[in-house]
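All values below come from the heavy atoms of this structure, side chains included, with hydrogens, waters and symmetry mates left out.
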Amino acid sequence: MIDETREDRLIETFATLADTLVAGYDVVELLQTLVESCAGLFDIAAAGILLADENGELEVVASTSEASRLVEVMQLSARAGPCVECFITGSVVSLPDVEDSPLAWRRFRDSAREQGFAAVHAIPLRLRETTIGALNLLSTVPGALRQQDVRAAQALADVATIGILQERTLRESNSVREQLTIALNSRVLIEQAKGVISHSRGVSMEDAFALLRNHARSNHLLLSQVAQGLVDQTLVI
């Protein structure tokens, strides 16, 4: 059997993302696929995505681990860090060593240290002049990403962005806001559902999310539909 190359896996990832973009697709599932793919493709330990709500405030919508979520949430609470800078500028922001963080990012630096992350690279989710969020790639060891990895990550982020917005929504700001609001509201429901499963099953939040996602996939349902049922107590998994 011929070993699968990194290029093969990258092509497969693009194909998977494209397959996800079907009628009625789940935005959160799309972004979760993206972060998990990045964690497998690049030399990183974790990945996460933040989207801006209608007020321009960034919120976490997908991540590969609870640890990466904690770092991202700290970035938001501090209103400073690579991801926030990336969103504001619409450009890649790389921090090969968190110890080199500027003073204004000290709360982010301290949180990254606590969670064991040593480097962070933020990739904008953008289409033309519109930036809707950022993809965070986190590593446990200092060092810069290879330029080809940065380009590949940007291309994957671009595909996801197109999937959320689509070209026609750029001309219809209400539609853009609606798409983002749906994604963010879905994530709130999913977080609540994870708590329900974690409490009832006595499992971690990550295992709870895996159970939630597997149920949705097995029954051809949207993550948000399953989450709503769990929160409303009309569904048990």
*Asks:* Quick one: pull up OG in Ser101 and CD in Glu99 and give me the separation to the nearest 0.5 Å.
*Replies:* 7.5 Å
*Asks:* Between the side chains of Glu36 and Arg213, is the shortest nitrogen-to-carboxylate-oxygen separation below 4.0 Å, so that they form an ion pair?
*Replies:* yes
*Asks:* Are Val35 and Leu10 linked, directly or through intermediate hydrophobic residues, by side-chain heavy-atom contacts shorter than 4.5 Å (ILVMFWY only)?
*Replies:* yes
*Asks:* Do the side chain of Gln75 and the main chain of Cys83 share a donor and acceptor less than 3.5 angstrom apart?
*Replies:* yes
*Asks:* Output every pair passing side-chain hydrogen bond (donor to acceptor under 3.5 Å, both in side chains) with a member in residues 227-237, not counting sequence neighbours, ordered by first then second residue.
*Replies:* Gln228-Asp232
*Asks:* Any chance you could measure Leu95, atom CG, to His121, atom NE2, to the nearest 0.5 Å?
*Replies:* 8.0 Å
*Asks:* Between NZ of Lys194 and OG of Ser204, what distance do you get to the nearest 0.5 Å?
*Replies:* 9.0 Å
*Asks:* Consider side-chain contact (heavy atoms from CB on, under 4.5 Å). Of Leu222, Val61, Val28, Leu223, which one does Ser186 pass it with?
*Replies:* Val28
*Asks:* Look at the side-chain heavy atoms of Ile, Leu, Val, Met, Phe, Trp and Tyr, link any pair under 4.5 Å apart, and say whether Ile197 and Leu235 land in one connected group.
*Replies:* yes
*Asks:* Before giving the answer on side-chain contact (heavy atoms from CB on, under 4.5 Å), spell out for Phe108 and Val84 the whole-Å C-alpha distance, their side-chain angles and the decisive distance to 0.1 Å.
*Replies:* CA-CA 11 Å; Phe108 154 74; Val84 176; over 6 Å; no
*Asks:* Could you walk me through whether Leu135 and Cys38 pass the side-chain contact (heavy atoms from CB on, under 4.5 Å) test, one step at a time?
*Replies:* CA-CA 10 Å; Leu135 164 66; Cys38 285; 3.9 Å; yes
*Asks:* As a quick check of understanding, evaluate side-chain contact (heavy atoms from CB on, under 4.5 Å) for Ile132 and Arg126, giving each step before the final call.
*Replies:* CA-CA 6 Å; Ile132 62 171; Arg126 68 180 184 218; over 6 Å; no
*Asks:* As an exercise, state the distance from NE2 of His215 to CD of Gln225, rounded to the nearest 0.5 Å.
*Replies:* 10.5 Å
*Asks:* Search all heavy atoms of Val203 against all heavy atoms of Asp207 and return the closest pair with its distance.
*Replies:* CB-CB, 4.0 Å
*Asks:* Do the side chains of Phe117 and Val98 get nearer than 4.5 Å, heavy atoms only?
*Replies:* no
*Asks:* Looking at Phe209, does the NZ or CZ of Arg187 lie under 6.0 angstrom from its six-membered ring centre and within 45 degrees of the ring axis?
*Replies:* yes
*Asks:* Out of Val120, Leu138, Ile123, which residue meets the side-chain contact (heavy atoms from CB on, under 4.5 Å) rule with Pro82?
*Replies:* Val120
*Asks:* Starting at CH2 of Trp105, measure out to CZ of Arg79 and round the result to the nearest 0.5 Å.
*Replies:* 15.5 Å
*Asks:* With a 4.5 Å cut-off on side-chain heavy-atom distances among I, L, V, M, F, W and Y, is there a chain of contacts connecting Ile237 to Leu189?
*Replies:* no
*Asks:* Just to verify, what does Glu206 make a salt bridge (charged side-chain N to carboxylate O under 4.0 Å, His left out) with, not counting sequence neighbours?
*Replies:* none
*Asks:* Looking at every non-hydrogen atom in both residues, tell me the closest pair between Ser65 and Ala46 and how far apart they are.
*Replies:* OG-CB, 4.1 Å
*Asks:* Would you sort out whether Arg146 and Arg151 count as a side-chain contact (heavy atoms from CB on, under 4.5 Å), showing the intermediate values?
*Replies:* CA-CA 9 Å; Arg146 298 185 305 169; Arg151 289 195 297 270; over 6 Å; no
*Asks:* Using 0.5 Å steps for rounding, measure from the CD1 atom of Ile49 to the CG atom of Leu58.
*Replies:* 12.0 Å
*Asks:* Treat each ILVMFWY residue as a node, draw an edge where side-chain heavy atoms are under 4.5 Å apart, and state whether Val159 and Leu31 are in one component.
*Replies:* yes
*Asks:* Indicate, with yes or no, if Leu137 and Val150 share a hydrophobic cluster defined by side-chain heavy-atom contacts under 4.5 Å among Ile, Leu, Val, Met, Phe, Trp and Tyr.
*Replies:* yes
*Asks:* Any non-hydrogen side-chain atom of Val188 less than 4.5 Å from a side-chain atom of Glu191?
*Replies:* no
*Asks:* Would you say CG of Asn214 has more than 12 non-hydrogen atoms from neighbouring residues, nucleotides or ligands within 6.0 angstrom?
*Replies:* yes
*Asks:* Quick one: does Pro142's side chain get under 4.5 Å of Pro96's, heavy atoms only?
*Replies:* no
*Asks:* With the threshold set at 4.0 Å, does a side-chain nitrogen-carboxylate oxygen contact exist between Asp110 and Arg113?
*Replies:* yes
